Amino acid sequence: MSVTESPTTVAISPRAAANTRTRVIGLLMAVIGLITTFIFGMGSVGSAKSSLTFTPVNLQSAPWHLGALTLSTRLCDVIIGLLMIALGVEVVVRHPAKGVMARFGLVAVLFFLALLVWAARSPGPSQVPFINLTSILIGSSTLAMVLIFGSLSGVMCERAGVVNIAIEGQFIGGAFLGSMIVSTTHSFIYAALAGAVMGGLLGLILAFLALRYLSDQIIVGVVLVTMLGSLSSYLNLQVLTPYPQYNTGHTAPNLAIPLLSKIPILGPVFFNQTGFFYVMLVLVVVISFGLFKTRWGLRVRAVGEHPEAASSVGINVIRTRYTSVIMGGAIAGIGGVAFMAAQGQFQPGYTSGLGYIALAALIFGRWRPSGAVVASVLFGISVYLADNLQTYQIPVPTEVLGMFPYLITIAVVSGLIGRVRPPAADGQPYQRD
Amino acid sequence: MQLELRGITKRFGSFTANDRIDLVVEPGQIHCLLGENGAGKSTLMNVLFGLLHPDEGEIILDGEVTNFADSGAAVRRGIGMVHQHFMLVPVFTVAENVILGFEPTKSLGRLDYEKAAVDIRRVSKAFDLEVDPDAIIEELPVGLQQRVEILKALNHDAELLILDEPTAVLTPQEIEALMAIMRSLAAAGKSILFITHKLKEVRAIADVITVIRQGRVVATAKPTDSEEQLASLMVGRDVNLTVEKPASTTGGNILEIRDLVVRDDRGIAAVNGVTLDVRAGEILALAGVQGNGQTELVEALAGIRSVESGTITINGRDITNCSPRQILDAGLGHVPEDRQRNGLVLSMSVADNLVLNTPRRHPFASRGSRNLAAVNSYAETLVQNFDIRTGSTQAVVGSLSGGNQQKVIVARELSRTLSFFVASQPTRGLDVGSIEYVHQQIVKQRGEGLGILIVSSELDEVMALGDRIAVMHQGRISGIVTPSASRETIGLLMAGVVEVASA
Amino acid sequence: MPRAFTQFANAWVRLTSKSPIVVTFFAIVLGLLIGALIIITTTPAVLVSWRGLFHSWGGLGHALKVTFDNVGSAYRDMFSGSVVNPPEFWHALTTGKNWNQALTPISETLTYATPLIIASIGVGLAFQTGIFNIGANGQAILGGIAGASVATLIHLPMILHLPLTMLAGIAGGMIAGSIPGLLKAFTGAHEVIVTLMLNYVVALFLIFSLLSTALQRPNQSNDISRNFDPSAQLAPLFGTASGLRVSWGIFIALAVVVFAWWFLDRSSLGFDFRVTGANPNAARASGINAKAVIVMVFLLSGGLAGLAGVVQASSTTHLIDGGFLIGNAGIGFTAITVALLGRNRPMGILWASLLFAALGVGGRAMQASTGIPLDLATVIQSAIVLFVATPVLVKEIFRLHTAQTGAVQLATKGWSS
């Protein structure tokens, strides 16, 4: 065991420490609110107006038309800012036991909204005088979906005590094989299955090396990502380039749910998506339910927290870990297919580190499915905006916004905002006597 | 349930942890297994609980020979174990821990918490084990956590309960409560196997006592036997130790400890108000059953555990809460209790380990660059002087025998300019020859005017080496006597029975 | 003959029980075998030849020949493209002409190896202290940015400019390394997560600095820097005219190897590092300040990575752009695998860097002549490292009777430590 106890640590009540951290988060939220109020709100000209539209540009089944919403930039951002301050103050004063990170996530989303409203102000520097909110949400939702697949995979593995740093590799594997299968069979169901098998196989390799040979899980994970990256690039040139019929670049069709998809603003985001999106929603529910309400979940979590205790009541630690890691790998594999289904044709390196952002979302989401969803949505929006800032003419350097998921994760693991606690046995080797 | 162990033998490589152990536990009986740390108690329990498989011998439950594939099988056969390190998931609730592995479920594999709560309430009521099923384990005090462990075993319908050093982590009040629980369980017909090294508890609760030492059953005793008798059975040695000790002149105090309070890893005051002086040219031997605060006292001395209150001075210099570096420079030599963990770097060479504390000292290094020739020739000298059996000074320490590893530490510590020397269990696990050698070295240092503190749970060693013998019990010094005192007197002090005026 | 066989068997057992190098050797063999397997299963010509087997057994010989030809030529091209091309070399030897051409492969390998050696030594030093510095790539990029700032924005005579550029690279890497170091020492943040995230932060900062700061080449909208001043360039060893790219940087790399050897084996600080890595408890008891060691090891490791970054830019491209050390060019990531293969020892890392550089350079040659993509080299590299990280597996495959495992000296640990 690598736990080193510091002699200077005097037993502090975990509750008291948690309260201090909660206050820090609350203060931070209030500060972001102040910035929003004064820079975006009061900082813009009083006469400036911002236009928000809600009809996605290229969509076969557009929602019921809502028209554009034109707001006073200053008023809108001041209200948003005050709302954020209120949330922050509430956290500081009441320090609620639950949902602090969710509130923080909400503040971050509101911040993005305020930023967009501010950027769209007219008169202003931007040539585009309106912001299409629904388009942005749709664009972000694809990324968020992929991140959720990845972070759910991490939840599965790490809750059972195996660090899965190879999510990126499973994405690549899933996307590659998925593209080949869909090109040949024209079936996204087969592609998803193939992606699951691919991801599961990579999970099996990780589990085999980590559980049977007690190899360092982080090293194995890092090397697996390198290997998948180069192998997919090799196969792309060696197989897909000479035989383009294996990589035709289908994208999955949207399956609009009647009526629901017509709901303005959120309808197209939630109810006019590819099948993968609905699979993702189901997975979130199933895994949350499974992990926290069922016998299976209790055992998986016990294995990840205290394998000796689990073993002492007859639970097979090794087998539980194998199953979880293989299932986790399969989920990430499907995530890779989902990414391919949105992006089309497989290209080497086009997952561009999304797997690591999913890992970050897992950590930011405190190893919980619900937290992972909140973090994935947040990171999805920020990645999407960073990639598309040019389109929306936001006068913030793309790169700075792109750093957001990484910086916030560093802040979280350092305990600068909140303190995360991984499953106690996460990454520890386990040996039967 | 009646349990019988017949000829249980368990070996780890060449080391025999259990050697033909026989034992019978009758229903409704509290059977104590008494022995020092390392005597083989925990191994025996792990064998019984299916965590280890015996090399020889058989386990018989109610007349039926049984083999446990794993601990789950043992649990299903009605054996419950309360481990020394609790087998509880800290972030789970009481109910979740109790049902783990035997979960009641509803449709879809959903956990049936209502049924679990009802079951837990029923068992807690039956045995007077009050605990909130919805409490989170890590937020409960240790005593209650242990209660959950017992509850867990009972909820799985245990008929035989093994308690492995259950009182080691408890406060006196919690111990009282535990004793009451054990009595009520026995009254309800459960068999109890109680593993401990604490004499007082044994006498208070046992029906039958089996003493084991070095993996063997050495005696069966009755709770009416005196604590001194039990103590000598437990810590007795087959080897008769004689140390030739010339008279020495003692000087002023080298080490002064005043009202020292040190907390252990769990935040309990393991050292609770110790005041102690060691004079120049004197060996003070610190005796006591293990786990009475000796470890923490020495760690605080060496600067690797922080001091809560009180002071430690060496030669008048206050070293309380100084860094290990500052304390080493103040002239403290330290042979740690766990030599492989704290004293050696097993993957590095004998030579490197011999200068582990002083790698920067002249002539081993100058201006940041090590002088390996000087290190090696120094190592050669030490290997010769201290008779360390190794092929070469460049061999990795991990390849040496335990005795020679210990000699490396002793050689390293005693070859510096010291004013004070402290050694914890300096001869544990060593062969007779090495023991003698280490003892001679310690006595030699005494002749040179060092103050020396020897911590040992071996009564013979304490009596052979010490000029004065301090006995520690529950974090306090229960008395200081001369080596002419009888074993019985020391045994009483170890049990915390009487306080004898300072010698 | 049985006696000879026994002798051989005994020799085999003696050999395989001695040294962890044997495991490394077999890991390399396995890696190359996997590479061959991949070529066989993905090269159309080979697959077509095996299809002949369905028709007649006579096709077997043909199929085997095609297989061996393809695999053989791939590996042969890899060798001649990275070490030496025997005919060309023979020609140069006998005629004394065209030496430049004969030496080009080895020059390319050394060019590629130069920054790799430096970065890998940095990663290896951290490993030896029990620290997993996965952020060498980010540190190298920041080193490159800092070095490029000095090399393009300041103008000095070479005797000042070149050393200053190198120092700037070291400083840049140290800055990037100090963040995980300080966070680990004072907040306990896991270095793997922090360095992993910082890699991306720095990669984005690279684009930012090339687009939005003075570093951007004037009158350009692309993410590209000015050229390094000639006074800040590491010149080719044999002059620009020779066409051989191997630069004076190779001496920096060798100096780093010697330094690392001295540091680990001879310096007092290196002794502290090794003790901390091997047994943190004993380190603390013997008076070593653990926090200081953590911060220092990150400064050293990051500084070396930064140096690697600036050496890379200063000896090959003479500029940095948005693709600097990104993706396949990420020597900081390769450095992790190189350090593992070299078992974190300076000499081991030197050889491992040369091997991986040769695989990379040879891969390019292989792609040029046979069309087999150079990414195969990276696949082989990762396979080798997976096997090195799992010595027991290698031993089981080859039935080695090794007592020592030669396992990577890094305690397996989770996020929580």
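Owing to the predicted nature of the structure, the values given are computational and were not obtained by experimental measurement.
- Atom CZ of B:R370 is separated from atom CZ of C:F263 by 12.0 Å, given to the nearest 0.5 angstrom.
- Top candidate by heavy-atom pairs under 4.5 Å with chain C, chosen from B:A302, B:P359, B:P336, is B:P359.
- Although no hydrogens or angles enter the test, the distance criterion places a donor-acceptor pair under 3.5 Å between the side chain of C:N279 and the main chain of B:R341.
- With a 4.5 angstrom heavy-atom cutoff, C:D272 touches chain B only via side-chain atoms.
- Heavy-atom proximity under 4.5 angstrom to chain C picks out B:P324, B:R325, B:L328 from residues 323-334 of chain B.
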Next item on the list: Evaluate the side chain to side chain contact (heavy atoms under 4.5 Å, CB included) criterion for residues C:R274 and B:D352: first the C-alpha distance (whole Å), next the side-chain angles of each, then the deciding distance (0.1 Å), finally the verdict.
Entry: CA-CA 11 Å; C:R274 281 192 296 140; B:D352 282 344; 3.9 Å; yes
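- The contact between B:Q340 and chain C is made entirely by backbone atoms, counting heavy-atom distances below 4.5 Å.
- The two residues B:N342 and C:N281 have their closest heavy-atom pair at OD1-CB, 3.3 Å.
- A 6.0 Å sphere centred on CZ of C:F259 holds more than 12 heavy atoms belonging to other residues, nucleotides or ligands.
- The residue among C:G287, C:S268, C:A285, C:A282 with the most heavy atom pairs within less than 4.5 Å of chain B is C:S268.
- Residue B:L356 touches chain C through both its backbone and its side chain, counting heavy-atom pairs closer than 4.5 Å.
- Scanning all heavy atoms of the two residues, the minimum distance from C:W262 to B:S369 falls at NE1-OG, 3.2 Å.
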